[in-house]
Amino acid sequence: ASALLAVAEARAGDRDLAFALVRTLRAAALEDARSALAARLLGADERALAGLAASLVAAGGRPGRVRAAREATVRIDGRTLRLTLTAGVGTVDAPELSLPGPHRVEVTTAPDVIVLVRAETEVGVPWDVPPRARGPVTLTLDGALGVRDGRAELVLEVRSRVPRLVAQPVLEVDLPAGAELDEAARSELARYTVRSPVVAGRTLTLRLRPLRPGGVVKLPIALRWSVAGALRGLGVSAYASDSPQAATVLPSRAVTISEGGAQ
């Protein structure tokens, strides 16, 4: 049960809870099996973590029988790929999945292992396309951008504008090229979220705690810049998790980062 729950939480992006659950599995794996494989995988990211948890389930809860998959055959809409897995994890680009219509993904591994399969498709909307309806919050992004190899002092203010509780506001922030969110910045943001902040590609996703009518939350966006120059980004989209079609949008903007000062 703990392994299955860890898989679900890791997949959902809650790394803190997933790792808390797996600490129990780690103790059992190392004590019962003295497994070097388990010790190595349990220090990896949540994908390898989920793979190990799935393997524990497949092994009937007996860690000594855990074995990570090393190879997999992936067939996507008739195209076949042979994939070498590192610590039980591998990724493939699948442009076929971006095309309209149904798709078929088949994954084959050795008969005595189990793998988790996740397919992701991202769909972008231009910032100048208005949302279908007005979102439940207003947004303001202010503060100093900082300099290359420095930290921004940006504050994103989220204010409720509706006379009801917004159960889970979701924010998506477009990060400019060269913008990085280190562990200190993630930890600070996590004080205001129900799940760990997630960065996928150029998008930072924040799932906030419930926001009462008239409520305000000020989020520190303490980005670090690895490059200087003329960039573009810092657009923000905000919506309620149960009503994504009603959104508030701050358009992406020009951002200039200098070596010795910000403009």
Side-chain angles (χ1 to χ4, degrees), residues 3-19 21-22 25 29 35-59 65-126 170 172-183 186 195-207 226-227 233 237 244:
L4 286 171
L5 187 55
V7 171
E9 294 297 345
R11 173 63 183 88
D14 196 331
R15 298 176 61 188
D16 295 336
L17 181 54
F19 274 96
L21 289 166
V22 170
L25 297 175
S35 170
L37 172 63
R40 185 170 70 252
L41 290 186
L42 285 165
D45 66 14
E46 65 268 21
R47 292 174 300 168
L49 175 64
L52 175 63
S55 296
L56 282 167
V57 174
R65 295 178 55 192
V66 173
R67 185 170 75 84
R70 298 177 181 177
E71 296 180 339
T73 299
V74 182
R75 188 175 180 86
I76 305 171
D77 291 348
R79 179 170 66 103
T80 300
L81 301 168
R82 285 178 173 79
L83 185 64
T84 298
L85 307 181
T86 302
V89 178
T91 60
V92 296
D93 291 327
E96 299 92 340
L97 300 183
S98 65
L99 300 176
H103 302 279
R104 185 178 182 86
V105 178
E106 301 176 37
V107 178
T108 305
T109 61
D112 57 342
V113 298
I114 188 170
V115 295
L116 298 178
V117 180
R118 180 173 64 187
E120 295 183 348
T121 300
E122 294 185 1
V123 179
V125 177
V170 180
E172 296 179 351
V173 183
D174 178 37
L175 302 180
E180 301 172 353
L181 196 71
D182 60 19
E183 285 302 317
R186 289 173 185 261
R195 290 182 176 173
S196 300
V198 174
V199 177
R202 286 185 45 169
T203 303
L204 165 64
T205 301
L206 304 171
R207 295 182 177 272
S226 61
V227 300
S237 176

Asks: Is it the case that the side chain of S226 and the backbone of G178 share a donor-acceptor pair, with hydrogens and angles ignored and the cut-off at 3.5 Å?
Replies: yes
Asks: Rounded to the nearest 0.5 Å, how far apart are CD1 of I76 and CZ of R104?
Replies: 13.0 Å
Asks: Quick one: does P244's side chain get under 4.5 Å of V170's, heavy atoms only?
Replies: no
Asks: What heavy-atom pair brings A177 and V227 nearest, and what distance separates the two atoms?
Replies: O-CG2, 3.6 Å
Asks: Tell me, which pairs form a salt bridge (Lys or Arg N to Asp or Glu O under 4.0 Å) where one or both residues lie in residues 76-86, sequence neighbours left out?
Replies: R79-E96
Asks: In Å and rounded to the nearest 0.5 Å, what is the OG1 to CG distance from T109 to L83?
Replies: 11.5 Å
Asks: Identify, with sequence neighbours excluded, every residue that meets salt bridge (charged side-chain N to carboxylate O under 4.0 Å, His left out) alongside R202.
Replies: D174
Asks: So which atom in G233 and which in P176 form the shortest heavy-atom distance, rounded to 0.1 Å?
Replies: CA-CG, 3.9 Å
Asks: To the nearest 0.5 Å, what is the distance between OG1 (T203) and CG (L175)?
Replies: 7.0 Å
Asks: Measure the spacing between CG of L206 and CZ of R195 and express it to the nearest 0.5 Å.
Replies: 13.0 Å
Asks: Could you grab the distance from atom CZ of R70 to atom CG of L85, nearest 0.5 Å is fine?
Replies: 11.0 Å
Asks: Report the C-alpha distance between T108 and R75 in whole Å, list the side-chain angles of each, state the deciding distance to 0.1 Å, and finish with yes or no for side chain to side chain contact (heavy atoms under 4.5 Å, CB included).
Replies: CA-CA 9 Å; T108 305; R75 188 175 180 86; over 6 Å; no
Asks: Grab the two heavy atoms, one from V199 and one from G201, that are nearest each other, plus how far apart they are.
Replies: CG1-O, 3.8 Å
